[in-house]
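Note on naming: letters A, B, ... go to the chains in the order of the sequence lines (proteins, then strands), and numbering restarts at 1 for each one.
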2 protein chains.
Amino acid sequence: MTRKAAPPQAEDNSRRAELVRTAARLFRDQGYERTTVRDLGNAVGLQSGSLFYHFRNKEEILVAVMALGITSTTEQLAAALEVAKTPYDKVSALIHVHLNSLLGENQAALEVMLYEWRSVSAEQKPGLIVLRDRYEALWQSALDEAAAAGVVGQDTRLLRRMVLGSLHWSVQWFRRDGGDSVDALAERMLKLVIGPRPQAD
Amino acid sequence: MTRKAAPPQAEDNSRRAELVRTAARLFRDQGYERTTVRDLGNAVGLQSGSLFYHFRNKEEILVAVMALGITSTTEQLAAALEVAKTPYDKVSALIHVHLNSLLGENQAALEVMLYEWRSVSAEQKPGLIVLRDRYEALWQSALDEAAAAGVVGQDTRLLRRMVLGSLHWSVQWFRRDGGDSVDALAERMLKLVIGPRPQAD
DNA sequence: GTCTATATGGGGATAGAC
DNA sequence: GTCTATCCCCATATAGAC
C-alpha cells in the first residue's frame, strides 16, 4: 500500500535511514541549498524523482537530518551522564560526547543541525527547537551541578553558550589528519574550561 | 568610460559601497544562496541586471561583503590594541571589538564572512584567507602577551580558537532587546575567559 | 519502490537602447 | 549607470507506467 512520507522521527525504515545519512554528509559538505535532489539521487543510486516517494519535499529531508543529529547526540549524552560519577566527570562527558558527535567519523547530522538552521521554515522550527532544548537542558543541569560543587563559576547559562559555541566552531578548523584525536582535543578543551582534574585529597 | 568591476578592496566608489552594505544585510538575514540578485536589486532600487555593471557576478558581491567584514574589524582591533596598555586591556579589546563587529547595529558583514564560507569558490578563498590570517595574528599576539604575563594559560592557540568560537556563536542567540547591551555581554564573557580585572597592588 | 518524462518556475547573467 | 527584454539553464516536484 502506498503511504505518504512518515514524520521525521520514524527511522525504522532502513531505506529512509540510509537516505538521511547520505543527505547529512552531502548537506554538511556542500551546504543544503547547493545540494540538489539530483546529487542525493546519484549518491544513493536513485533517480531524483524517486526521492519524493520517501519525502514530501526537500525540506523534509533537511528536517530529518537535523532531528537525527540532535536526538542521537542527546541519547549518547544521556547515557554518558548516567555513568559519570562526579560533577567533573559530567562536564567531561558534555565535551567528549558533543565533540565526537560533531567531529567523529560518519558524523555529519549534528553539524547540519547547527549550520543550516536558516533554511528551516517557520513551520518546521518549533519541532526541532523542542529537541534542541531537551539537549541543552542536559547541559544546563550538569553545569549547574558543577557550579554548586565549585568546579565552574556561577554564570552557567552564559558558560553553556560559550562552551557550546567553542565546540561548534571546531568543525571549521579541526582536521582529523592534523595530530590530535577527537578525544585528545576534548581533553585539552576541558582543561581550558575547567582546569586540571582534581586529585583525591 | 566603461570599466569592468573593480577588485573587492576598492570601496572608494560610494555606489558600490552601498550595494555591499545592503548585500551584507540580506546575506546575513536570508543566507547568500537564498538571496537572489532580484532581492538585492529591489533593496537598492535597481533592476537586477544593473547590478552586473558593478559586479562581474554574484559571487563577487559575496567576496566583497566578506572582505569588508574582516578588514573593517581588523582595522578597529588594531586601533583598540594600540590604545590598550596592559595585557588584560588587550584581551578585553579583542572581545569588545569582535563582539561589536558581530552584534552591533548595522553590522552584518563579519557574520557573512563567518557563516557563508562554503559558498566561496576555491579561486576566491586564498585572498580572503590572507585577510583572516592577518586578523587572527592580532589575536594570537595579544593572547601570547597575556600568557607571558600569566593572565591566561599557555595553550593560546587553542584558547584563541575557543574564544573566537564562543563569540561567533553569539549571533545565534543574542537578542538586542533581551537585556544585556553588547558591551555588557562582552564584559561577562571576558570574566569567564580571564577572571575579574586585577586590582593595582 | 523505482523508473521515465515532463511540468513549472525561478535563478544568474547578457545585449543593446537610452 | 540604469533600463528593458530576454536567454538559457537547472532547480523542485508531479504523473503515470512498470
Side-chain angles (χ1 to χ4, degrees), chain A residues 1-8 10-23 26-27 29-65 112 116 118-121 123-124, chain B residues 1-8 10-24 26-27 29-66 112 116 118-121 123-124:
Chain A
M1 50 187 147
T2 59
R3 58 161 183 81
K4 264 307 174 183
E11 304 300 347
D12 50 297
N13 182 326
S14 72
R15 190 71 166 124
R16 186 181 158 105
E18 183 208 347
L19 293 177
V20 172
R21 281 196 308 272
T22 304
L26 291 175
F27 292 170
D29 293 342
Q30 314 177 356
Y32 168 71
E33 302 287 353
R34 298 168 77 90
T35 302
T36 69
V37 293
R38 288 180 178 84
D39 290 336
L40 179 55
N42 285 340
V44 296
L46 282 183
Q47 293 301 310
S48 63
S50 307
L51 296 171
F52 294 93
Y53 172 81
H54 299 279
F55 301 92
R56 248 183 294 272
N57 50 46
K58 191 187 173 191
E59 192 195 10
E60 192 177 284
I61 308 177
L62 177 64
V63 172
V65 168
V112 173
E116 300 290 351
R118 235 179 351 208
S119 293
V120 180
S121 68
E123 294 75 39
Q124 296 296 328
Chain B
M1 47 185 148
T2 58
R3 58 161 183 79
K4 265 303 170 185
E11 304 300 347
D12 51 296
N13 182 326
S14 72
R15 190 70 164 124
R16 185 180 159 106
E18 184 207 348
L19 293 177
V20 171
R21 281 195 308 272
T22 303
L26 292 175
F27 292 168
D29 293 342
Q30 313 177 357
Y32 169 72
E33 302 288 352
R34 296 167 78 90
T35 303
T36 69
V37 293
R38 288 175 177 81
D39 290 337
L40 179 54
N42 285 340
V44 296
L46 282 184
Q47 294 301 311
S48 63
S50 307
L51 296 171
F52 294 92
Y53 172 83
H54 299 278
F55 301 92
R56 248 184 292 273
N57 50 46
K58 191 187 174 193
E59 192 195 10
E60 193 177 284
I61 308 177
L62 176 63
V63 172
V65 168
M66 289 183 170
V112 174
E116 299 290 351
R118 236 178 350 206
S119 294
V120 180
S121 67
E123 294 74 43
Q124 296 296 328

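- Scored by the side-chain contact (heavy atoms from CB on, under 4.5 Å) test, A:Asp29 finds A:Arg25 as partners (sequence neighbours excluded).
- When all heavy atoms are compared, the tightest approach of B:Glu60 to B:Phe55 is OE2-CA, 3.5 Å.
- Near DNA chain D, defined here as any heavy-atom distance below 4.0 Å, the residues from residues 31-45 of chain A are A:Thr35, A:Thr36, A:Val37, A:Arg38, listed numerically.
- Across the protein-nucleic acid pair, B:Arg15 atom CZ and D:dG1 atom P stand 10 Å apart, rounded to whole Å.
- In this structure, A:Glu59 places its CD atom 13 Å from C1' of D:dT12, rounding to the nearest Å.
- Dashed line: the shortest gap from a side-chain N or O of B:Ser50 to OP1 or OP2 of D:dG1 is not under 4.0 Å.
- Atom CZ of A:Arg16 and atom P of C:dT2 are 14 Å apart (whole Å).
- In this structure, the CD1 atom of A:Ile61 is 14 Å from the P atom of D:dA11, given to the nearest Å.
- For B:Asn42, there are no side-chain contact (heavy atoms from CB on, under 4.5 Å) partners at least two apart in sequence or on another chain.
- With rounding to whole Å, B:Glu18 atom CD is found 14 Å from D:dG1 atom P.
- Separating the CZ atom of B:Phe52 from the C1' atom of C:dG16 is a distance of 17 Å, rounded to the nearest angstrom.
- By the salt bridge (Lys or Arg N to Asp or Glu O under 4.0 Å) test, B:Arg38 pairs with no residue at all, sequence neighbours left out.
- For A:Glu116, the side-chain contact (heavy atoms from CB on, under 4.5 Å) partners at least two apart in sequence or on another chain are A:Tyr32, A:Leu62, A:Met66, A:Val112, A:Ser119, B:Arg118.
- Not one side-chain nitrogen or oxygen of B:Arg56 sits closer than 4.0 Å to the OP1 or OP2 atom of C:dA13.
- Rounded to whole angstrom, the span from the CG atom of B:Asn57 across to the P atom of D:dC8 amounts to 20 Å.
- Partners of B:Ala23 under the side-chain contact (heavy atoms from CB on, under 4.5 Å) rule, at least two apart in sequence or in another chain, are B:Phe27, B:Leu40, B:Ile61, B:Val65.
- Look at CG on A:Leu46: it is 12 Å from P on C:dG1, rounded to the nearest Å.
- Using a 4.5 Å heavy-atom cutoff, the side chains of A:Leu46 and A:Arg15 are in contact.
- Relative to the side chain of B:Tyr53, the nucleotides D:dG1, D:dC3, D:dA13 differ in distance, and D:dG1 lies closest.
- Side-chain nitrogen and oxygen atoms of B:Gln47 include none within less than 4.0 Å of the OP1 or OP2 phosphate oxygen of D:dT2.
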